[in-house]
Protein chains: 2
Amino acid sequence: MSDNGLDAVKLDGAGPVYDQIRRAIRDLVLNGAWPPGTSVPPEHALMERLGASRMTVHRALVQLAREGLITRRRRSGTVVASPPASHAMLDILSIPDEVRRLGQDYSFEILSRRDGKPAPEVAALFELKRAAPVIHLVTRHLSGGQPHVLEERVIHLATVPGAADESFETVPPGDWLLQHSLWSQAEHALSAVAAGPREAELLGIGRGEPCLLVERRTWNQESPVTAVRLLYPGGRHRFVGRFGPYGRV
Amino acid sequence: MSDNGLDAVKLDGAGPVYDQIRRAIRDLVLNGAWPPGTSVPPEHALMERLGASRMTVHRALVQLAREGLITRRRRSGTVVASPPASHAMLDILSIPDEVRRLGQDYSFEILSRRDGKPAPEVAALFELKRAAPVIHLVTRHLSGGQPHVLEERVIHLATVPGAADESFETVPPGDWLLQHSLWSQAEHALSAVAAGPREAELLGIGRGEPCLLVERRTWNQESPVTAVRLLYPGGRHRFVGRFGPYGRV
DNA sequence: AAGTGGTCTAGACCACTCC
DNA sequence: GAGTGGTCTAGACCACTTA
């Protein structure tokens, strides 16, 4: 067989060999050519194809394993890992998971949806270039029947065209995106804001009460994927993280 | 010379050799035996003392460098690194640095100080066992003459006895602690709260306005060092972080 | 039993940088 | 020039796991 995946590994000659190997495989994983579950060729096969010693190949694979992109087991070999659903303080990307982790029943409802060029106020809120078509969604998530968080989101149709055909009636948009799109970078911002009249009503709190606002934008290789504003009623929510002086523990 | 530090490196025979070396040196750094700036013996010296090959020693040192505990340079060698003052979203531990990074003048004032067993309401706020003696401090930090953040802190005198003799008039307590104590673990919690009457007055905002509350507790090997509550006037502050699906980028 | 990764060695050459 | 770390090789043995 010539299309077992080995041929896809190509070095670029830039920098140390182990790093060329690491980047070559990393790129195959991140751009979707090797989806989760794909077998990575064994070390000896990479050795032969790339003309490197086993230690050099090994070093690249160990580093990728430490970064979480692949998992390795003796005898059964190396496979591309599934991206972790959550990995740090603010990184619970699935609100259903977040709610169920608290031991509550989860439900959600789409409050509004509008496809196409965003209205000026939406474009301003998410710092969009006005021309790009998006889906603009407002969703309310419930925990044990009570309002949990209010979500306002834009999905960039140029990056995720398949979203146009999805109703988001059974799977909330954040979870649908996790399953149907790739992302390579995210940015979070956290702030405290007062609930506006409509927000207060939807969250079942008083006007002006403090809320935690989580803003998240994600990209896949320079292309914007989605941007979301999550408004949590204050007091009821805390974001917690632990680490040491040199990094996470 | 026999006390050049080499003798302090002791393996425990548990697990791979490279990991024994890594842990041995890590422990010397974390427990203060090798403070920042200390020279780490060169690879060939560790090879000879430990009876390991250079690759094995190298592997341990590379990993420590990646973890940020040491810095390595050709010719000049390996030295113990200074703990980074900031390394992620919520980890700006020095408020003067935080303010100066925004291009503003910094100043601060101690609003109150009480040494000894904490009052019941303070013990409750910080979840303290009532018996342990602490310093209880309230501080206001100013940015360009305007209130920036309100700080309420307890310092555990059993862990940091030297704090009793410090007036905190020239160096704010957080910065003094960074210089005069060690910590190995921290916990952060973030929430949105409404400003109380006294807090609003001290921050120069209206009562009930949303504020971002950052609560941080730090320990050094199981011993509590300090606990602090930082109240930032909402809207004016955002905490931002960037990362990829597999971790920080 | 055999295939896979995990570790380790002994040696080599190179790159950087301080003296 | 010399000391340091950075990379790489060729080979070895071991540990684990599946067939």
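Numbers restart at 1 for each chain; the letters A, B, ... are given by sequence-line order, proteins then strands.
Here the side chain of B:R49 pairs a donor or acceptor atom with the backbone of B:V9 at under 3.5 angstrom. Within the 3.5 Å criterion, the main-chain N or O of A:L69 finds no donor-acceptor partner in the side chain of A:R26.
For B:Q20 and C:dT7, the CD to C1' distance is 12 Å, given to the nearest whole Å. In this structure, A:I21 atom CD1 and D:dC8 atom C1' are separated by 11 Å, rounded to whole Å. Distance, B:M47 CE to C:dC8 P: 14 Å, rounded to whole Å. Atom OH of A:Y18 is separated from atom P of D:dT9 by 13 Å (rounded to the nearest Å). At whole-Å resolution of the value, CG in B:L46 and P in C:dT9 are 13 Å apart. Between the CZ atom of B:R72 and the P atom of C:dT17 there is a distance of 15 Å, rounded to whole Å.
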Fill in: Chi angles and distances behind the side chain to side chain donor-acceptor pair (under 3.5 Å) call for A:H148, A:E98
CA-CA 10 Å; A:H148 179 78; A:E98 175 182 300; 2.8 Å; yes

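Here B:R73 does not reach the OP1 or OP2 of C:dT17: none of its side-chain N or O atoms lies under 4.0 Å away. For B:T78, a side-chain nitrogen or oxygen approaches OP1 or OP2 of D:dG5 to under 4.0 Å.
Side chains of A:H180 and A:E166: a donor-acceptor N/O pair is absent below 3.5 angstrom, by distance only.
B:H58 comes within 4.0 angstrom of a base, heavy atoms only. Residue contacts shown for B:G15 are absent, as no nucleic acid heavy atom lies under 4.0 Å away.
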Report each atom pair, protein N/O against N/O of nucleotides 10-16 of chain D, whose distance is under 3.5 angstrom.
unit_1, atom_1, unit_2, atom_2, d
D:dA12, N6, A:R54, NH1, 3.1

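The side chain to side chain contact (heavy atoms under 4.5 Å, CB included) test with B:I70 is passed by exactly one of B:V62, B:V79, B:T38, B:L61: B:L61.
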